[in-house]
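Every number for a ligand or one of its atoms is a count from 1 in the order of the listing.
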Amino acid sequence: MGIQKVAVITGSAQGIGRGIAERLAKDGFSIVLSDLNEEVLKETEKEFKNKGVNVTSFVGNVTKPEDQEGLVKHAVDTFGNVDVFINNAGVEGQVAPLTAVDPKAVDFTLDVNIKGVIYGIKAAANQMKKQGTGGKIINACSIAGQEGFEMLGVYSATKFAVKGLTHVAAKELAPFKITVNSYCPGIVGTGMWERLDEKMMEHMGTKKGEAFAKFTQGIALGRPQTPEDAANLVSFLASSDSDYITGQNILTDGGMVFN
Ligand SMILES: NC(=O)C1=CN([C@@H]2O[C@H](COP(=O)(O)OP(=O)(O)OC[C@H]3O[C@@H](n4cnc5c(N)ncnc54)[C@H](O)[C@@H]3O)[C@@H](O)[C@H]2O)C=CC1
Ligand SMILES: CC(=O)C(C)=O
């Protein structure tokens, strides 16, 4: 193999982001992990190092443009360049009908899920343009970016925004051979769904585990998704096999939302 390509993944201390980082490491990338949660991030970095992965980490908040610039700078200082940048970090925010949304929760969810992706695209694309060798920007969308889900109105709106940003960035960056796509997972058993399940207890009158089970019943393939399932798609989007694909928001949900 030639020079190792470099992949940066936000929100990669745990959950889907960690699964993506593990897969891209197996695919031969040098890995830049990044997260707000320093403790879990450092533990994950240690585990990757113990497995022989060429890895570094950066503590950062995706809502802060200066952190996104710092993340890219850290990747370049450590490994020389950025080939793939994955805007994975996201939050579920409040679970509530639109008649009960809390303005602070709205701001928080929009900040992380929309502004975080905008600033990530900006920092990554400017670096890739400077390098002049193209690149791949990959965003975390969701089934909720393809169909609105009740009680998840604000979250759904942010994921529809990610879908739109993916279209725009793909058009603007195509002249520089930078492709921009998103992965749209379904019901993935991570910390996010543990919290969603708990928050839904209040509004749906469910017991622990019941909301997750109810949503899972809607999956044609009959099982919840794993981070590895989502990472399989991201691996393809990060590879040269996806070179002729841009501006697409691709479902990986076991058959839940049908386009
Ligand atoms: N879990 C699911 O069922 C689905 C998740 N997604 C999306 O996939 C992405 C990853 O989700 P999960 O791994 O399930 O979530 P998670 O909550 O398990 O992990 C998210 C990670 O992002 C980090 N993070 C949160 N806010 C951050 C910020 N401001 N700056 C930097 N890091 C931050 C957290 O510390 C955490 O390590 C999110 O964008 C989510 O919306 C999409 C569809 C389904
Ligand atoms: C977390 C998420 O995107 C859904 C709809 O499950």
Side-chain angles (χ1 to χ4, degrees), residues 8-22 32-45 57-68 70-71 86-95 107-120 123 138-163 165-166 182-200 211-212 214-216 218-219 224-231 233-234 249-254 256-257:
V8 179
I9 308 111
T10 68
S12 50
Q14 58 202 322
I16 295 172
R18 179 186 166 131
I20 291 169
E22 280 169 351
V32 185
L33 300 168
S34 184
D35 208 284
L36 197 57
N37 187 333
E38 181 167 9
E39 196 184 330
V40 184
L41 179 68
K42 293 296 169 195
E43 185 53 41
T44 300
E45 182 186 17
S57 76
F58 182 87
V59 180
N61 184 339
V62 295
T63 68
K64 295 187 176 166
E66 64 273 25
D67 283 11
Q68 299 273 27
L71 170 58
I86 303 177
N87 286 302
N88 169 74
V91 292
E92 73 282 2
Q94 191 186 11
V95 172
D107 285 348
F108 171 67
T109 313
L110 268 59
D111 276 356
V112 180
N113 294 3
I114 302 180
K115 289 188 195 168
V117 173
I118 292 172
Y119 299 141
I138 305 170
N139 303 321
C141 191
S142 165
I143 47 170
Q146 303 280 356
E147 179 183 327
F149 280 77
E150 25 177 4
M151 305 292 169
L152 290 175
V154 177
Y155 177 82
S156 296
T158 66
K159 294 300 181 179
F160 271 80
V162 170
K163 192 173 166 182
L165 287 166
T166 302
S182 86
Y183 51 103
C184 304
I187 309 298
V188 194
T190 64
M192 179 174 283
W193 249 103
E194 273 174 37
R195 293 188 300 276
L196 278 172
D197 187 74
E198 258 177 43
K199 292 178 185 181
M200 282 181 184
F212 182 73
K214 184 171 172 273
F215 273 82
T216 302
I219 302 172
Q225 188 165 7
T226 63
E228 292 74 25
D229 292 320
L233 170 59
V234 177
N249 297 279
I250 302 174
L251 282 156
T252 162
D253 66 351
M256 232 187 140
V257 169

* **Polar side-chain atom of E92 near backbone of W193 as donor-acceptor pair, under 3.5 Å** => no
Put together the list of close N/O pairs, under 3.5 Å, between ligand 2 and the protein, could you?
{"from": "ligand 2", "atom 1": "3 (O)", "to": "S142", "atom 2": "OG", "distance (Å)": "2.7"}
{"from": "ligand 2", "atom 1": "3 (O)", "to": "Y155", "atom 2": "OH", "distance (Å)": "2.8"}
{"from": "ligand 2", "atom 1": "6 (O)", "to": "W193", "atom 2": "NE1", "distance (Å)": "2.9"}

* Asked: Do we see a donor-acceptor contact under 3.5 Å between the side chains of Q146 and K163?
  -> yes
* **Pocket residues of ligand 1, ordered first by chain and then by residue number (heavy-atom cut-off under 4.0 Å)** => G11, Q14, G15, I16, D35, L36, N37, G60, N61, V62, N88, A89, G90, V91, V112, A140, C141, S142, Y155, K159, P185, G186, I187, V188, T190, G191, M192, W193, R195
* For the atom pair CD1 (I9) and CD1 (I16), what is the distance rounded to the nearest 0.5 Å? -> 13.0 Å
* To do: For E150, look at atom CD and say whether over 12 heavy atoms of other residues, nucleotides or ligands are found less than 6.0 Å away.
  => no
* Any side-chain heavy atom of L152 sitting closer than 4.5 Å to one from M200? -> yes
* Asked: Are the side chain of N88 and the backbone of T10 linked by a donor-acceptor contact shorter than 3.5 Å?
  -> yes
* Distance from K159 atom NZ to F149 atom CZ, nearest 0.5 Å? -> 13.0 Å
* Go through the side-chain N and O atoms of T252 and Q225 and say whether any donor and acceptor fall under 3.5 Å apart. => yes
* **N-O pairing of K42 and E38 below 4.0 Å** => no
